[in-house]
Number of protein chains: 2
Amino acid sequence: MATLGDVAARAGVSISAVSRVLSGAPDSRVSAATRQRIVDAASELHYRPNFAGRALKSARTQVVGLVVPDITNALFTELMHGAEDEATEHGYTVLLGRSDDVRPGGEVIARLIGEGRVDGMALQVGDGVPPAGLDDLLTTQAPIVLVNSSAPGHSGSVVLDDQRGAQIATGHLLELGHERIAFANGLPRSFTAKRRHAGYKLALDGAGIKVPKQYETRAGYTVDNGRTALRRLMALTPRPTGVVVANVNAAVGLLGEARKLGIKVPEDLSVVTVHDSWTAENTWPPLTAVQMQFYAVGRTAVRSVIRRIETGETSDEVVTDPPPELVVRESTAPPHPRG
Amino acid sequence: MATLGDVAARAGVSISAVSRVLSGAPDSRVSAATRQRIVDAASELHYRPNFAGRALKSARTQVVGLVVPDITNALFTELMHGAEDEATEHGYTVLLGRSDDVRPGGEVIARLIGEGRVDGMALQVGDGVPPAGLDDLLTTQAPIVLVNSSAPGHSGSVVLDDQRGAQIATGHLLELGHERIAFANGLPRSFTAKRRHAGYKLALDGAGIKVPKQYETRAGYTVDNGRTALRRLMALTPRPTGVVVANVNAAVGLLGEARKLGIKVPEDLSVVTVHDSWTAENTWPPLTAVQMQFYAVGRTAVRSVIRRIETGETSDEVVTDPPPELVVRESTAPPHPRG
DNA sequence: ATGAAAGCGCTAACAC
DNA sequence: GTGTTAGCGCTTTCAT
């Protein structure tokens, strides 16, 4: 790989002249002719600035880490795109990390921030993370923005409008005439589950409807959790006629289990999910869903990280624009007359 | 962040002594007492070696890039896990990249290899990549191993046993008694599509069965492509009684479209897919699938990259151990008597 | 057994 | 307008 020195030699100028020209400083203070010679030499040698050299000197990598529990979760696709678009616009690169197998918060933070691999990071901690693992978050002064999650005392976060999303989903079933509306939620300790619960509750209260406590399950967000939730709900008397599922993956599992148990959707049970993704379109029946704004969250999170890096400002934001949007497909219908 | 100098000062020794101890050189040539003081000081200061400093000095990052067309494709989950497990065992880190939105091969290679962000990379080029974009691959001497793809003249690759996978899938339908077996394949220019086609063909030939040329579609590997494939196949006379789908995502789409057209699976049409993933278990009916060894491919690819980095050796490998395995679910059955 | 010093590629403050 | 130089954090050779 060609270095600045190689380019300088070829162009017959000093290293610093080359650096000034190629690092794009607004005032490079070189004559047009010299500049041209430098640019030519660089391109002939396929010069690329060495990442380590630059990072070492400037103490900046121009990289932000994006760490989510499961990279391959379809829900994060949009979030990553948003993050990358925003990063690119600011001249940053995104380094993707996973927090699912890595030891909770600690190790990944130490590695990325502590070793200077990134200048800051957007971190979505999984629901399985014990609060203890987040200690480092607070002790470190590093530019870390939490995404769809929280840690006591940490400031700097960007979250979806979970409450509104769950409220819209619940509202949809209410409008169809359902009253026995269940809620298949995430784990009790989950940050987003609490917020989605609030939205569900708000919608029911607004309609003056009360449901048995058992109508809310808290099995979790995975496909299997969804299956579990359905089994629990169908064991209740009276059975709910509609269910709001707090996560699209759980909804897919719930639907599969309904199929297995011979419960017809939407005839016997309407299903609406918070989140949308390509999987929701390809179940049978296709799932009615509330689209959440993951793209905007990704953008906002990275913007927030960069602002924190460059100016030190912190903020806690809820992404409400654009608002969650209902996509009606075929998994919801008015309750069956004989209930 | 604490530096070697900080640790040295605290321990009352020289920087080089600290470096020797902390960088884990087998022979650090220090007394037990000194070593202890150094280790203590380092841990008190939460010392972490600076990535850029080390990389600059050693001209090695201990990072390998893993670039795939679509990170959020469930198929790559296992591949990534395999890659990370292998990398970790060798003291390397994996840097995930996407090749879907980035300009084909060129830009991402220049960025990762050219700027010295990684020591080598495993690269799966998408089917959409024009051969031209891969020129850099050949000109560069960088340690790049192609995964499930090929570039004319490039040596260094690791691929799935696509042919065997397709052959097993086709064989399953044959054993069930099907004769009118269609094949929903990837795009004609796709490397894996050619190999899967060969497996399909081999199985049919082995059974002495001939099918119309139109029984093979080449719509592609996406969900929508699967829908298209089904529509084309169902327009044929006579209709096939079974279809091998070359990709699980396409299979999901194909199944959805069958539903929409009122074609019953497996009564009217048996569907078997090459690849398995959690989505295949959650369709209705659950998809019979041939599990491909993505985990092993990930491991092998990274091992190959590291070998190339450290010894310069190149190899082209087909992952055949463990072999592709058939998982029978509910989307396949003997052909319906009335065809 | 330990330390001093050079240098990896780069930027920037400071000469000239 | 251009060049010289110091130094970012680290590893490693060579003295001591």
Side-chain angles (χ1 to χ4, degrees), chain A residues 1-39 41-42 45-63 91 110-111 113-119, chain B residues 1-39 41-42 45-63 91 110-111 113-119:
Chain A
M1 295 297 125
T3 70
L4 277 187
D6 299 332
V7 178
R10 185 175 187 101
V13 296
S14 75
I15 290 181
S16 57
V18 178
S19 173
R20 283 193 296 257
V21 170
L22 297 183
S23 55
D27 173 25
S28 52
R29 303 171 303 157
V30 284
S31 67
T34 318
R35 147 170 260 114
Q36 193 56 50
R37 285 217 313 287
I38 291 174
V39 170
L45 294 172
H46 297 107
Y47 171 79
R48 279 263 162 179
N50 179 273
F51 173 70
R54 186 171 274 186
L56 183 55
K57 174 63 191 180
S58 61
R60 280 287 162 79
T61 59
Q62 301 285 111
V63 176
R111 193 163 183 85
I113 304 273
E115 298 183 2
R117 288 167 191 264
V118 302
D119 296 335
Chain B
M1 295 294 124
T3 70
L4 276 186
D6 298 332
V7 178
R10 186 174 186 104
V13 296
S14 74
I15 289 181
S16 54
V18 178
S19 173
R20 283 193 297 257
V21 169
L22 297 183
S23 56
D27 174 26
S28 52
R29 301 172 303 156
V30 285
S31 67
T34 314
R35 146 169 261 113
Q36 193 57 50
R37 284 217 314 286
I38 291 174
V39 170
L45 293 173
H46 297 106
Y47 171 78
R48 281 263 161 179
N50 180 274
F51 173 70
R54 184 171 276 185
L56 182 55
K57 176 62 192 179
S58 61
R60 279 289 162 78
T61 58
Q62 301 286 111
V63 176
R111 193 164 183 83
I113 304 273
E115 297 183 3
R117 289 167 190 262
V118 303
D119 296 336

Distance, rounded to the nearest Å, where [X] contributes [atom1] and [N] contributes [atom2]:
X     : N      : atom1 : atom2 : answer
B:L4  : C:dA4  : CG    : P     : 15 Å
A:N50 : D:dG9  : CG    : P     : 17 Å
B:R37 : C:dG3  : CZ    : C1'   : 14 Å
A:I15 : C:dA12 : CD1   : C1'   : 14 Å
A:R54 : D:dC10 : CZ    : P     : 21 Å
A:I38 : C:dT11 : CD1   : P     : 13 Å

> So, is B:T34 close to the C:dA1 phosphate, meaning a side-chain N or O under 4.0 Å from OP1 or OP2?
Replying inline: no
>> Whether A:S31 contacts D:dT2 is assessed here as follows: a side-chain N or O lying under 4.0 Å from the phosphate OP1 or OP2. Is that the case?
In response: yes
>> Evaluate A:V21 against A:T34 for side-chain contact (heavy atoms from CB on, under 4.5 Å), listing each step before the verdict.
In response: CA-CA 9 Å; A:V21 170; A:T34 318; over 6 Å; no
>> Show, in sequence, the C-alpha distance, side-chain angles and deciding distance for A:N50 and A:M1, and conclude whether the side-chain contact (heavy atoms from CB on, under 4.5 Å) test is met.
In response: CA-CA 9 Å; A:N50 179 273; A:M1 295 297 125; over 6 Å; no
> Which nucleotide sits closest to the side chain of B:S23: D:dT2, D:dC8, D:dT11?
Replying inline: D:dT11
> Where the side chain of B:K57 is concerned, which of C:dC8, C:dC10, D:dT2 is the nearest nucleotide?
Replying inline: C:dC8
>> Once hydrogens and angles are ignored, does a donor-acceptor distance under 3.5 Å link the base of D:dG3 to the side chain of A:R20?
In response: yes
>> Check this for me: does the side-chain of B:S16 come within 3.5 Å of the base of C:dT2 through a donor and an acceptor?
In response: no
> At under 4.0 Å between heavy atoms, what does B:F51 touch on the DNA or RNA strands: base, sugar-phosphate, or nothing?
Replying inline: nothing
> Which part of the nucleic acid, if any, lies within reach of B:S19 when heavy atoms closer than 4.0 Å are counted: base, sugar-phosphate only, or nothing?
Replying inline: base
> Do the side chains of A:V18 and A:Y47 get nearer than 4.5 Å, heavy atoms only?
Replying inline: no
>> Quick one, B:D6 and B:T3 - any side-chain contact, counting heavy atoms below 4.5 Å?
In response: yes
>> Let me confirm one number: the OG1-CZ distance from B:T61 to A:R117, rounded to the nearest 0.5 Å.
In response: 8.0 Å
> Taking for each residue the nucleotide of DNA chain C bearing the nearest heavy atom, is the 5' side occupied by B:L56 or by B:S14?
Replying inline: B:S14
